[in-house]
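For reference, the structure discussed in these notes is given below.
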Amino acid sequence: MRTPLLDWYAEHARDLPWRRADCSPWGVLVSEVMLQQTPVARVEPVWREWLARWPEPADLAAETPGEAVRAWGRLGYPRRALRLHACALTLTQEHDGIVPADLGALLALPGVGTYTAAAVGAFAFGIRSAVVDTNVRRVQARAVTGEALPAQSLTAVEMRLAERLLPTDPDIAARWNIAVMELGALVCTARSPDCERCPIRDACAWVAAGSPPYAGPPRRGQAWAGTDRQCRGRVVGALREAPGSLAVEELRALWPDAEQFARSLQGLLDDGLVERIGSGHIQLPGG
DNA sequence: TACCCGTGGAG
DNA sequence: TCTCCAAGGGT
């Protein structure tokens, strides 16, 4: 099957390690979790380290959760590292140490939601499933709906549209999914779409409408300075760099507001990202 | 549903 | 500088 989009992908697709034919389903799963809200350029080196160190789920399952958090480095949202470690345990204990080729079983894994289950199903196993990420949503919003940007959160209408657009043949569908994502990542970008190089511009509803600017409700950015997240990040960052544990007072010195520090530390403890050890010391889980 | 959860690069 | 945003998930 040939379409302008699939032809474009064949010519312009990036050569990413988790897209290669010799990449295991585990490698695909790790990549998808790392890529949640984190750009490809920062994921790639960490992904290579993880797959070299933990080539199979059982290898990661044999480590402490804290080691996963440490190896996560600065990818952000370190709870994902924890969930990937939990994933490895579940796979080892309940799936014979392999990634299941089943959307329902994938969805039941820690840290695997609708998107990641569909992506692993499609890219690792060739299952026909609509893979709808922020790129796909944006391409659909423009090409089909004629709007500059999609809604703030994924709607049922968008999912149905993606399923309707998906080619019938599973192998072509998998290639279609990744082609739409790649188009959104390389050409139909959020800030400055390069419509001159777009393979489907002649069919684009947004271009046909004169590329009107975003007209929806104001998109609220995420505050950062002075938030609990910044505080948490500082604490986990310090523990990641430390060989062992740190005294609570050392961590306390990282943040000016005592009340916010206490709340953030408690949040980290509740999340299992850190743990208490001895009297007044904190470490990554399991050491 | 809306909000919380990190980090760093681009414009 | 500062805002935006990047292959989302969990609650």
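Heavy-atom basis, side chains included; hydrogens, waters and symmetry copies ignored. Keep in mind that what you see is a predicted model, and the values were worked out from it rather than measured.
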message: Assess the residue pair A/Gln283 and A/Glu275 against the criterion (side chain to side chain donor-acceptor pair (under 3.5 Å)); give the C-alpha distance rounded to whole Å, side-chain angles, the decisive distance to 0.1 Å, and a yes or no.
response: CA-CA 6 Å; A/Gln283 66 177 8; A/Glu275 64 184 14; 2.7 Å; yes
message: With salt bridge (Lys or Arg N to Asp or Glu O under 4.0 Å) as the criterion, how do A/Asp228 and A/Arg263 come out once you've worked through the C-alpha distance, each side chain's angles and the decisive distance to 0.1 Å?
response: CA-CA 8 Å; A/Asp228 287 10; A/Arg263 181 174 65 240; 2.9 Å; yes
- request: May I have the step-by-step check of salt bridge (Lys or Arg N to Asp or Glu O under 4.0 Å) for A/Arg70 and A/Glu63, ending in yes or no?
  value: CA-CA 11 Å; A/Arg70 190 169 275 117; A/Glu63 299 274 6; over 6 Å; no
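Comparing B/dC3 with C/dA7, their P atoms sit 23 Å apart, to the nearest whole Å. Rounded to the nearest Å, the gap between the P atom of C/dG9 and that of B/dG8 is 22 Å.
To the nearest 0.5 Å, atom CZ of residue A/Arg137 and atom OG of residue A/Ser153 are 6.5 Å apart. Atom CD1 of residue A/Ile277 and atom NE2 of residue A/His281 lie 9.0 Å apart, to the nearest 0.5 angstrom. Atoms CZ and OG, from A/Arg276 and A/Ser245 in turn, are 12.5 Å apart once rounded to the nearest 0.5 Å.
Remark: A/Arg229 pairs with A/Tyr77, A/Gln222 by the side-chain hydrogen bond (donor to acceptor under 3.5 Å, both in side chains) rule, at least two apart or across chains. Every residue meeting the ring-ring contact (aromatic ring centres under 6.0 Å, His included) condition with A/His12, not counting sequence neighbours, appears here in chain and number order: A/Trp8.
Put simply, the side chain of A/Arg80 gets close to the backbone of A/Gly76: a donor and an acceptor are under 3.5 Å apart. In terms of modelled atom types and a separation under 3.5 Å, the side chain of A/Glu56 and the main chain of A/Gly97 share no donor-acceptor contact.
Note on A/Asp228: only backbone sugar-phosphate atoms sit closer than 4.0 angstrom, heavy atoms only; bases stay farther off. Heavy atoms of A/Gly113 sit under 4.0 angstrom from primed sugar atoms or phosphate atoms, though from no base atom. Residue A/Gln222 is in base contact, counting any heavy-atom pair closer than 4.0 Å across all strands shown. Among the protein residues, A/Ala119 comes within range of no part of the nucleic acid, since none of its heavy atoms lies under 4.0 Å from any strand. A/Thr116 comes within 4.0 angstrom of sugar-phosphate atoms only, judged by non-hydrogen atoms across all strands, and of no base.
Residue whose closest nucleotide on DNA chain B sits further toward the 5' end, between A/Ser192 and A/Tyr77: A/Tyr77.
Between A/Arg191 atom CZ and C/dT3 atom C1' the separation is 7 Å, expressed in whole Å. Taking atom CG on A/Leu186 and atom P on C/dA6, their separation rounds to 13 Å, with Å as the unit. As a whole-Å value, the separation of A/Arg42 CZ from B/dG9 P is 7 Å. Remark: P of C/dG8 and CE of A/Met181 are 7 Å apart, rounded to the nearest angstrom. Summarising the geometry, the separation between CZ on A/Arg80 and P on B/dT7 is reported as 10 Å, rounded to the nearest angstrom. Residue A/Leu273 contributes atom CG, which lies 14 Å from atom C1' of C/dG9 at whole-angstrom precision.
Heavy-atom distances under 4.0 Å link DNA chain C to no residue of residues 234-252 of chain A. Listed in residue order, the members of residues 11-24 of chain A having a heavy atom less than 4.0 Å from DNA chain C are A/Arg14, A/Leu16, A/Trp18, A/Arg19. Within residues 25-37 of chain A, the residues approached by DNA chain C to less than 4.0 Å at the level of any non-hydrogen atom are A/Glu32, A/Leu35, A/Gln36, A/Gln37, in residue-number order. Contact check of residues 131-160 of chain A against DNA chain C (heavy atom, cut-off under 4.0 Å) returns A/Asp133, A/Thr134, A/Asn135, A/Arg138.
There is no side-chain donor-acceptor pair under 3.5 Å between A/Trp206 and A/Glu147.
Considering every non-hydrogen atom in both A/Cys23 and A/Trp18, the closest pair reads SG-CA, 3.6 Å. Nearest heavy atom pair, residue A/Arg142 against residue A/Thr189, reads NH1-O, 2.8 Å.
Geometrically, A/Arg175 does not engage A/Tyr9 in a cation-pi contact, judged by NZ or CZ lying under 6.0 Å from the ring centre and within 45° of the ring axis.
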